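Just below is one structure, and these are the notes that go with it.
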Amino acid sequence: MKSINALFFLLLLFTVSSCKDFLDVKPLESISDTETITDQNSALTALRGVYSALASGDYYGTSFQSIGYLSGDNIQWTGSQSQVQEFINKKVNADNSTISGVWIAIFRTINRANNIIAKVPTVTDPALTTALKNQYLGEAYTLRALAYFDLARTFGGVPIITSPTSKPTDNSGIQRSTQAETYAQVLKDLETAEPLLPTTVDRYRVTQKTVFALKSRFYLYQKDYAKAEDYASRLISDATNYKLLKPYGAFFQNDARGTAESVFEIFYNGTTEVNSHRGQWQPQTNGGTRQWAPNDALVALLNDPAIGGNRSVLVAKDNQNRWYGNLYYRNPGSDPSYIFRIAEAYLIRAEARAQQDKLADALTDLNAVRDRAGLTALTATTTSTKDAVLLAIENERRVEFALEPHRWFDVVRTGRAGAVFNLTDVNRYILPIPVQQLQTDKVLIQNPGY
């Protein structure tokens with residue numbers, strides 16, 4: 001952990017340009033953990049730093065997301081770096097540079113959130129009203145919850161650190177908590193955040209709606225299906241603000257961003273904040289490297305009118321007749337990173353309802369997503385059993401989120417990795433702790449099987 005902690009000195013700028021005042025900040029404005037949060041302006045700048053860490057290339061900018069889809073069965077690696085092929089082969093080694101970067105980036109996000117949580121309550125600036133304090137704290141708790149959730153589902157149990165790091169020796173020597181304890185921290189942070197946050201809709205910034213989204217996902221992973229259904233319903237029922245846009249490509253094509261499809265996405269301006277994702281997906285003729293691409297199985301699914309429907313817009317062909325992914329396409333890289341779309345709420349509720357034997361209601365939610373994709377509705381005649389409905393939902397999630405970081409985590413959490421991926425070594429259902437962390441903090445213990 002010491003190598004991570006040294007990186008925590010810097011709290012970099014979240015510099016983006018948008019109509020949102022929160023995101024409209026001068027390029028060189030920053031605050032360091034070695035400084036203190038003394039007023040409303042420095043508190044807001046520090047909060048921007050948490051979002052900046054979330055948006056970084058090693059977190060939701062590219063690397064963390066790549067774990068979710070490279071480890072699945074939709075994507076092929078076209079390059080030569082063996083460390084990327086490790087995800088596709090499902091044999092990730094502890095010295096893999098991607099997991100090392102992801103670990104550091106997520107803990108950096110946590111540290112910046114900890115800085116807000118520790119310091120904002122003590123500020124006496126009249127401009128930092130109680131309402132603003134609550135909002136900033138609620139955002140920090142929510143983003144910390146998301147970070148620990150991502151760590152738990154990727155690595156299992158991790159060290160739980162809830163105080164800010166200001167020097168390399170801070171917070172070293174903390175043993176790993178269990179995965180269950182890490183998930184418990186996620187829920188604790190979400191519960192703390194929810195009453196602090198405004199009820200407004202903001203697609204780039206955390207509100208109560210974001211907490212509802214993350215809770216619905218959290219409870220689905222925890223197999224608390226009644227609560228997963230409840231929190232998904234809170235979003236779906238807000239039809240004024242959240243809608244499945246038609247056709248499928250409406251939420252990302254033609255430079256769309258911040259649409260009614262989005263519950264929470266990350267904004268990039270393409271200059272001072274760049275989403276590097278597009279370079280990995282786009283072909284050379286579009287200024288990319290196409291280092292990963294949809295595999296033949298996914299191309300067939302997306303281009304099948306009865307399965308992909310109008311989701312075929314996720315793929316395109318280059319001048320060499322090769323397929324490439326087209327969710328991230330803007331040049332310079334200003335594509336949003338989608339953390340939660342309303343389609344996920346529908347499919348979470350569908351799965352939660354099916355697990356509670358509410359099969360007709362589950363099909364209603366599933367068919368809402370299919371209808372948006374231009375597909376015919378599934379009926380009880382063809383999906384009359386619980387297992388059949390759950391399989392239909394799994395298959396729908398595969399194509400709906402084909403280029404988003406869900407497939408690997410979905411198949412692992414449902415216990416289907418053996419059947420779907422032919423992965424029978426349960427130790428491989430979570431990734432190894434990066435070897436650099438084991439070398440710098442001797443209390444850390446490697447996951448079994450690595």
Side-chain angles (χ1 to χ4, degrees), residues 68-69 71-74 153 212-237 242-246 248 251 261 263 297-298 300-302 304-311 314 338 340-421 429:
Y69 51 70
S71 302
D73 51 2
N74 285 338
R153 61 178 173 160
F212 295 164
L214 297 182
K215 278 189 170 182
S216 70
R217 185 189 288 170
F218 170 85
Y219 283 121
L220 186 72
Y221 273 67
Q222 299 303 304
K223 297 179 170 53
D224 189 336
Y225 299 117
K227 288 183 179 176
E229 178 185 7
D230 173 29
Y231 281 98
S233 294
R234 298 186 194 198
L235 295 172
I236 294 169
S237 64
Y242 302 113
K243 300 174 183 177
L244 290 165
L245 300 182
K246 292 185 177 182
Y248 176 83
F251 77 88
E261 173 83 19
V263 179
L298 179 61
L301 291 172
L302 289 172
D304 185 335
I307 298 174
N310 56 43
R311 289 176 292 211
L314 283 172
Y338 304 99
F340 199 101
R341 297 193 285 112
I342 194 62
E344 185 180 352
Y346 276 95
L347 292 175
I348 284 174
R349 193 170 74 171
E351 186 175 337
R353 285 174 163 177
Q355 291 285 6
Q356 298 173 87
D357 297 307
K358 303 176 182 178
L359 300 187
D361 290 338
L363 283 175
T364 297
D365 286 334
L366 175 59
N367 284 329
V369 175
R370 289 176 58 83
D371 176 72
R372 183 270 286 280
L375 302 174
T376 58
L378 297 178
T379 66
T381 303
T382 56
T383 48
S384 58
T385 67
K386 178 177 178 177
D387 286 346
V389 173
L390 288 171
L391 181 58
I393 294 166
E394 178 186 294
N395 291 336
E396 203 67 37
R397 288 183 68 100
R398 180 180 182 181
V399 290
E400 175 69 25
F401 306 118
L403 307 185
E404 295 171 76
H406 293 278
R407 180 63 173 170
W408 164 253
F409 296 116
D410 282 343
V411 174
V412 168
R413 70 174 172 79
T414 58
R416 299 242 312 136
V420 176
F421 300 145
Y429 294 174

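All figures in this text were calculated on a predicted structure; none of them were measured in a lab. Counting from 1, the numbers follow the sequence of the chain as shown.
- Interatomic distance, F251 CZ to E261 CD, rounded to the nearest 0.5 Å: 5.5 Å.
- Atom OH of Y346 sits about 12.0 Å away from atom CG of N367, to the nearest 0.5 Å.
- At distances below 3.5 Å, not a single donor-acceptor pair connects side-chain atoms of R407 with backbone N or O atoms of A402.
- A distance-only check finds a donor-acceptor pair linking the side chain of R311 to the backbone of G308 [under 3.5 Å].
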**Request:** With side-chain contact (heavy atoms from CB on, under 4.5 Å) as the test, would you mind laying out the steps for R217 and E344 before giving the verdict?
**Result:** CA-CA 9 Å; R217 185 189 288 170; E344 185 180 352; 2.8 Å; yes

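- In this structure a side-chain-to-backbone donor-acceptor pair under 3.5 Å is present from N310 to R372.
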**Criterion salt bridge (charged side-chain N to carboxylate O under 4.0 Å, His left out) on D361 and R349, from CA distance to verdict** = CA-CA 9 Å; D361 290 338; R349 193 170 74 171; over 6 Å; no

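- With contacts defined as side-chain heavy-atom distances shorter than 4.5 Å, the pair F340/L235 qualifies.
- Put simply, the side chain of K227 does not reach to within 4.5 Å of the side chain of Q222, judged on heavy atoms.
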**Message:** Determine whether R413 and L220 satisfy the following criterion, side-chain contact (heavy atoms from CB on, under 4.5 Å), listing intermediate values before the conclusion.
**Reply:** CA-CA 9 Å; R413 70 174 172 79; L220 186 72; 3.5 Å; yes

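- Smallest separation of non-hydrogen atoms from A350 and L366: CB-N, 4.0 Å.
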**Message:** Test salt bridge (charged side-chain N to carboxylate O under 4.0 Å, His left out) on R398 and D73; report intermediate values, then the result.
**Reply:** CA-CA 9 Å; R398 180 180 182 181; D73 51 2; 3.5 Å; yes

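- Looking at Y69, its side chain never comes within 3.5 Å of a backbone N or O of F401 through a donor-acceptor pair.
- At a threshold of 4.5 Å between non-hydrogen side-chain atoms, the residues T414 and E351 count as touching.
- Closest approach of A354 and A362 over heavy atoms only: N-CB, 3.7 Å.
- Ion pairing between R416 and D410 fails under the 4.0 Å rule for side-chain N and carboxylate O.
- In this structure, D357 and K386 approach most closely via the heavy-atom pair OD1-CD, 3.4 Å.
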**Derivation and outcome, side-chain contact (heavy atoms from CB on, under 4.5 Å), residues I348 and R397** = CA-CA 10 Å; I348 284 174; R397 288 183 68 100; 4.1 Å; yes

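- The CG atom of N74 sits 7.5 Å away from the CG atom of L302 when rounded to the nearest 0.5 Å.
- Under the 4.5 Å side-chain criterion, counting only non-hydrogen atoms from C-beta, V389 is in contact with I393.
- Residues S71 and W408 approach most closely at O-CE3, 3.2 Å, considering heavy atoms.
- At a threshold of 4.5 Å between non-hydrogen side-chain atoms, the residues E396 and R370 count as touching.
- Rounding to the nearest 0.5 Å places CG of L375 at 9.0 Å from CG of D304.
- Interatomic distance, D224 CG to Q355 CD, rounded to the nearest 0.5 Å: 12.0 Å.
- F212 and Y231 get closest at one heavy-atom pair: O-CB, 3.5 Å.
- Shown here are the salt bridge (Lys or Arg N to Asp or Glu O under 4.0 Å) partners of R353, two or more places apart in sequence or in another chain: E229, D365.
- Side-chain contact check for K215 versus R234: every heavy-atom pair is 4.5 Å or farther apart.
- Interatomic distance, T383 OG1 to L363 CG, rounded to the nearest 0.5 Å: 4.0 Å.
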**Prompt:** Can N395 and V399 be said to form a side-chain contact (heavy atoms from CB on, under 4.5 Å), step by step?
**Reply:** CA-CA 7 Å; N395 291 336; V399 290; over 6 Å; no

